[in-house]
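To start, the structure itself, in structure tokens.
In the text below, chain A, chain B and the rest are named by the order of the sequence lines, each starting its count at 1.
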Amino acid sequence: MITGGNKMKNLKKLRIYWILWFLILIVSAYIIPYQFIGGISKITASFLFWTVFAIFAIISTLKIITYWRD
Amino acid sequence: MTPFYVYLAMFIYVLFGTFLAFKARRGMKEGLLEYFLSGRSIGGFVAALSYSATTYSAFMMVGLAGFTYSGGVGALGFELVYLSGLALVAFFGPRFWLVGEKFNYISPYEMLGDRYDNKLIPLLLAISACVFLIPYLAVQLMGVGYLMSGLSNGAIPFMMGVIIATVVAIAWALIAGMKSVAWTDSLQSLIMIIVSVFILFFIVYRHLGGFANFFAILEKDHAQFLSVPGPGFFNFKVFLGLTLPWFFFSISNPQVSQRLFVPKSLSAMKTMIRGFLGFGLIYTLVSVLWGFSALVLMPGLEKADMATPALLGSEYVPTILGLIAMVGITAAAISTIDSIMLTLSSVVVRDIYRNTGNDSGNSQLRFGKIVIIVIALIGLWFASKQLDLIATLSVASSVGLLVSVPSIFGAFFWKDATASGSIWSILSGSFIAIYFQFAGIKPFGYWPGVWTLIVSTLVFIIVSVLTEAPDKKASEFLGYLNSELKKRNIL
């Protein structure tokens, strides 16, 4: 059985993991186009990368809100 | 295009919107909460559409398309970094919603004032919101003026479009407050998305030979626009300077953060977030691709902001589609204008007027309705002047509103945060935002938004450490919140 205190700790831990994941994701939106693929003049380079980045961010946000209970 | 068709298209749009606004009024109850927040009872679907329409203004199909036209793919990165900032709503959304209901907050600044047990904080933030958002509103009004004038080849005077937009926004905000704003927003968001997708597909399939061919032309003839930093505008410092303030838009801009108070349940808030994220991704891609299509079809325009008006007025777009596009862009502008007017009115009423001893709900409501008209008239006056100052303040709005961000984080995540920390953070951040923006100061090449965030955050932390926190209020606020978060499994 999960006690109240443990549940709070679990939520906090989960929150930290998600925040770290978002930090990595957001930093990637700056680093990857500006350091690695920016020079490639193809639709499959920065255009595709930023679109995929946004889809990852959207899916992650949707995942976080599925935890909520009314 | 003859003025008659432009007026006719506007008339049909306004007629439908006004019908909806009056329909929203039916069954409306009395009181401030009902007027400003629709009684915290908005369903998920309407909340999603309304949030989308409020967030996305005429900037998308005109300004963002123009950014793409002149700066290339960096415009996509900029707008999608903003969209990823919606992750903040996954953390702050339910927190705003829970304390909003428990402590009966109407304005987001009222919430901060109560949390820090200080009346100066909401007053300062209310003033800053008016200073930055009224010019932003004026720019939207000007957008409608330019669009109607441009599409009629100057036959419709600029001020006619501005006046029509002002009157419509006042009416839709006054008829049933948040409820009429949310309902008309829903109609407008549907117009925005359907129209923009349809016209993009028309251009791409009729004139560019489909998407594969469109991308092939881009790679062959405009390769530089697909690279980063591209033709020059989007260097790293510009990109950071633009994206940082916008990343925090969902909590820093009161007209959208106030929307976190209105869903009728957590499920409705989930639907709102899901709907907005889908809308945002599509609308962003469409606006950027629209800018690229203008680049391919009409290269060499002097002003990038003219990319959309020029394309709409060209032989590539039939008259009827040009008119429909005008309605779509007008809808984007008006849905942002009336939401800003309503939110600023609630902020002035709750954070300024109420604190001068006016506790009666009826008198606040009466005053709020007058404020809506006054704000609209100030916006109209600003728009009529077409001053450079307005554009500068409008650009500075996302930077200026950043000053509330450290206080918002502190309110929810740092028990020892203090009122003095918040006040000095707001004052120092506002000083940097305004001074750097107007004087054109960019230390080490970094834009004012970056410095505003750094200074206001550092000042907030340092002053909070050195001063006394409002322990009793912090315990009450965070104690309630933590028990509810645990119960509802919110991260």
For the candidates B/L218, B/I273, B/L88, which exhibits the highest count of non-hydrogen atom pairs separated by less than 4.5 Å from chain A? B/I273
Looking at B/N489 and A/R69, would you say the former's side chain and the latter's main chain have a donor-acceptor pair under 3.5 Å? no
What residue among B/L491, B/V99, B/L266, B/L481 forms side-chain contact (heavy atoms from CB on, under 4.5 Å) with B/P94? B/L266
Partner of B/Y82 by side-chain contact (heavy atoms from CB on, under 4.5 Å), out of B/F248, B/F247, B/F249: B/F249
Under the salt bridge (charged side-chain N to carboxylate O under 4.0 Å, His left out) test, residues paired with B/E476 that sit two or more places apart: B/K473
Please look at A/T51 and chain B and tell me whether the side chain, the backbone, both or neither of the residue comes under 4.5 angstrom of a heavy atom of that chain. both
B/W97 side chain to B/P263 main-chain N or O, any donor-acceptor pair under 3.5 Å? yes
Quickly, which of B/T284, B/L277, B/L285 forms a side-chain contact (heavy atoms from CB on, under 4.5 Å) with B/L281? Name it, please. B/L285
At a heavy-atom distance under 4.5 Å, which candidate from B/P229, B/G85, B/A87 has the highest pair count against chain A? B/A87
From B/R259 atom CZ to B/T55 atom OG1, the distance as rounded to the nearest 0.5 Å: 8.5 Å
When only pairs under 4.5 Å are counted, which of A/L14, A/I19, A/I58, A/I64 shares the most heavy-atom pairs with chain B? A/I58
Under 4.5 Å, counting heavy-atom pairs only, tell me which of B/N482, B/V288, B/L86, B/L83 racks up the most with chain A. B/N482
For A/I16, is it the side chain, the backbone, both or neither that has a heavy atom under 4.5 Å from a heavy atom of chain B? neither
Main chain of B/I193, side chain of B/S196: is a donor-acceptor contact present, judged purely on distance under 3.5 Å? yes
Do any of residues 24-32 of chain A come closer than 4.5 Å to chain B, heavy atom to heavy atom, and if so which ones, in number order? A/I26, A/A29, A/Y30
Pair count under 4.5 Å, heavy atoms only, with chain A: among B/S227, B/G74, B/G278, highest is B/S227
Which atoms of A/F22 come close to chain B, meaning under 4.5 Å heavy atom to heavy atom: side chain ones, backbone ones, both, or neither? side chain
Between B/W447 and B/L240, does a side-chain contact (heavy atoms from CB on, under 4.5 Å) hold up when you go through it step by step? CA-CA 8 Å; B/W447 281 30; B/L240 185 68; over 6 Å; no
Flag the one option from B/V89, B/L485, B/T243 with the top tally of heavy-atom pairs under 4.5 Å to chain A. B/T243
Would you check if the side chain of B/K270 reaches a backbone N or O of A/W68 as a donor-acceptor pair within less than 3.5 Å? yes
So, the part of A/F53 with a heavy atom under 4.5 Å from chain B: the answer is side chain
Contact winner vs chain A - B/G93, B/S84, B/S483, heavy-atom pairs under 4.5 Å: B/S84
Please name the residue in the list B/W414, B/F91, B/F92 that meets the ring-ring contact (aromatic ring centres under 6.0 Å, His included) test with B/F409. B/F92
